[in-house]
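Below you'll find the structure, written out as structure tokens, and then a few comments.
The sequence lines fix the lettering, A, B, ..., with proteins before strands; numbering per chain opens at 1. Values below: every heavy atom of this structure, side chains too, minus hydrogens, waters and symmetry copies.
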2 protein chains.
Amino acid sequence: MIFPTLDTPSVLVDLDIAEANIRKYQDYCDEHGLKLRPHVKTHKIPSLAKYQVAQGAIGITCQKISEAEAMIEEGGIDDVLITYNILGDRKTARLRALSERVRVSVVADNAIVATGLSRAFADAAEPLSVLVECNTGADRCGVASPADAAGLARRIAELPGLRFVGLMTFPPVGGVTSAADWLSETKSLIETQGMKVDRVSSGGSQDMWHAHLATPVTEHRIGTYVYNDRSLVTRGTCTWQDCALTVLATVVSVPSETHAIVDAGSKVLTSDLFGLQGHGHVLNRDDLAIDQLSEEHGRIVSSGPIRLAVGDRVRIVPNHACVVANMLDNVDCIRGTDIIGPVPVAARGQVW
Amino acid sequence: MIFPTLDTPSVLVDLDIAEANIRKYQDYCDEHGLKLRPHVKTHKIPSLAKYQVAQGAIGITCQKISEAEAMIEEGGIDDVLITYNILGDRKTARLRALSERVRVSVVADNAIVATGLSRAFADAAEPLSVLVECNTGADRCGVASPADAAGLARRIAELPGLRFVGLMTFPPVGGVTSAADWLSETKSLIETQGMKVDRVSSGGSQDMWHAHLATPVTEHRIGTYVYNDRSLVTRGTCTWQDCALTVLATVVSVPSETHAIVDAGSKVLTSDLFGLQGHGHVLNRDDLAIDQLSEEHGRIVSSGPIRLAVGDRVRIVPNHACVVANMLDNVDCIRGTDIIGPVPVAARGQVW
């Protein structure tokens, strides 16, 4: 039985693998002169954020103020980018408080957000650094055109309490070079208007090994690379051996020769599909598929005899590590076959 | 702005609606002589469990021991059915401890689970009540045939520390009457072997208004009916006005005339689809669809002009309430337009 002293379902994090993943990508960034700003939304664990910075990351990326608050609590982090339109007086007040503890930058893709930020920082000792978020094809947030980006940059530069520092994008998958073209054009346009574009921030794990092709990008944000997952293995970004996060589950029922039930359902594996079939990969069992999840049940099916017995344990690489890491209060840290102990997922469960 | 003093994304629970849902289904069960045993996995909140029992429920259903432990902590609950194969010495020891505080019953669909339960209860003052889980077509857990059910019932009756008390099933959607036939045949078979079948437990919210057709069922388990959700509205089980749980979200970006971004992504709405298109229903805006989720972004699209501005708030009925209620540490309770306050989701985030 695998890790018999752990209760299941457990989210296992192999620190040896996670640390190797962090070092490997830091080496890649160092080699290519890219600044690395890892996204902590994947792990939400301060000690991993500190390890990322200790290896050479210039700071961290957060998606919510509560993530940033949790990450800096223990010290060791002094530079945070929040890649989200922050809106509302309570949130901007928390942002202001955060900015008095560590160096903070944020993004905006519209004047309403910029105006709200300005209101909170108008009387601050230091202006808030703001990047303009650009839609380079992912069609999520972001200004629609280089001209719009230049217009918003000018607006930000004029607003009290704010400093325009650059551009930020989350490029579409496979869109590293097209995003780079978009950003280059925008940078030139803004510079011809007499403003400086100090930072150009791009991101994404799926094209992480092509990040260096994206001139004029100065910093790259990635999250999933710490843990990796089935979606990245499927894309060829990493191998199963690089997957630091697995879900340990127990077979609780084998109702037929070709199906078994494990105690990991959608409340730990989540229903994220990322375009894949099924709900994760059972390590060392390519013949199995997880074809259905209930909240606490995962159904494993096989084409041939299933070769699983009640009480057996399996390790599942989930489709998407970032959402799985968010499901339980603690992950169980391991190094190979050694159990290190539970570690709280500090930043989970918070509204904002 | 809707509920301007609440931060978003917030999981709102309208207690007026939840309590009305609880009373309405209790009335239905009372009218049809069905015992109601609500499943707390949906809300994981002790005060709601106590309200369910106060209205006439015979006890509660849990899917995990940690849920049961959290529910009985505050008192007011004295009867718990855990509808899961409980396996492993640590879990069965916790089950034993639970059984010394409240009346507990569990299920088993195989002899390995039954043997483990017996080991933990062999020297208990009272035997543990065990129901045989039957696969009536959902193809999740459950013995495969009435003959197998009878065999396992006999085995349970023979094992020290256990008492066979009946049958349990989670029927397939639309399968209330076929499941009833299966259970009737099994009950007869077991009774002809000289054993009593005191309890027959069925469940499911989707066919909740047909539960009375399922003779020989003695008790019905449902969870989602407390909150309801888009999947149940789509199935015709309830209306939008019966949906007690909504996600309050703020529009943070309107990048084009036909798309907007809200601050509710897969880390609050989850990716559960339940066979539906899109990720929830924006209340009072039938013209909108939520076509894509990132972790903290939800993308709303419209066929015509989107008529949303940055800073607007929307209320979203999720596809599946049970998983959404599990995502944040607290839900914000309301009654209509009055804010009651945050309530901890006591049983979330636990391994087992």
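Chain A forms the most heavy-atom pairs under 4.5 Å with one residue out of A144(B), S266(B), P9(B), and that residue is P9(B). Ranked by non-hydrogen atom pairs under 4.5 Å with chain B, the options A309(A), G116(A), C141(A), A260(A) are led by C141(A). Between chain A and the options S256(B), C322(B), S10(B), heavy-atom pairs under 4.5 Å are most frequent for C322(B). For the set H320(B), R299(B), R90(B), the count of heavy-atom pairs under 4.5 angstrom toward chain A peaks at R90(B). Among R348(A), Q350(A), Q63(A), Q292(A), the residue with the largest count of heavy-atom pairs under 4.5 Å with chain B is R348(A). Among D7(A), I261(A), V268(A), the residue making the largest number of heavy-atom pairs under 4.5 Å with chain B is D7(A). Contacts with chain A were tallied for V310(B), I112(B), L87(B); V310(B) has the most, counting heavy-atom pairs under 4.5 Å. When the candidates A108(B), P255(B), G88(B) are compared by the number of heavy-atom contacts under 4.5 Å with chain A, P255(B) comes out ahead.
If you measure heavy-atom distances from T8(A) to chain B, the contacts under 4.5 Å come from both the backbone and the side chain. Only the backbone of V251(A) comes within contact range of chain B, with heavy atoms under 4.5 Å apart. Contacts between E133(B) and chain A at a heavy-atom distance below 4.5 Å are absent for every atom of the residue. The contact between H259(A) and chain B is made entirely by side chain atoms (from C-beta outward), counting heavy-atom distances below 4.5 Å. Residue contact with chain B, scored on non-hydrogen atoms closer than 4.5 Å, involves the backbone and the side chain of E296(A) alike. Heavy atoms of I86(B) lying under 4.5 Å from chain A are absent altogether. Interface residue K64(A): only side-chain heavy atoms are found under 4.5 Å from chain B. Of the atoms belonging to R140(A), heavy atoms from both backbone and side chain fall under 4.5 Å from chain B. Heavy-atom distances place no part of A111(A) under 4.5 Å from chain B, backbone and side chain included. Of the atoms belonging to F170(A), not a single heavy atom falls under 4.5 Å from chain B. Using a 4.5 Å cut-off between heavy atoms, D109(B) contacts chain A through its side chain alone, with no backbone atom that close. For D139(B), the parts sitting under 4.5 Å from any heavy atom of chain A are the backbone and the side chain alike. Of the two parts of T270(B), neither the backbone nor the side chain holds a non-hydrogen atom closer than 4.5 Å to a non-hydrogen atom of chain A.
Of all residues spanning residues 324-334 of chain B, those with a heavy atom less than 4.5 Å away from chain A's heavy atoms are N326(B), M327(B), L328(B), D329(B), arranged by number.
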Under the criterion side-chain contact (heavy atoms from CB on, under 4.5 Å), I'd like the reasoning laid out for V252(B) against V113(A): C-alpha separation, chi angles, the key distance, then a yes or no. CA-CA 8 Å; V252(B) 297; V113(A) 166; 5.6 Å; no

side-chain contact (heavy atoms from CB on, under 4.5 Å) between N110(A) and V254(B), worked out: CA-CA 8 Å; N110(A) 65 75; V254(B) 185; over 6 Å; no

Residues D263(B), K91(A); criterion salt bridge (Lys or Arg N to Asp or Glu O under 4.0 Å); working and verdict: CA-CA 13 Å; D263(B) 59 1; K91(A) 286 175 181 166; 3.6 Å; yes

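Expressed to the nearest 0.5 Å, how far CG of N85(A) lies from OG of S253(B) amounts to 5.5 Å.
Between K267(A) and D272(B), no side-chain nitrogen of the basic residue sits less than 4.0 Å from a carboxylate oxygen of the acidic one, so the salt-bridge criterion is not met.
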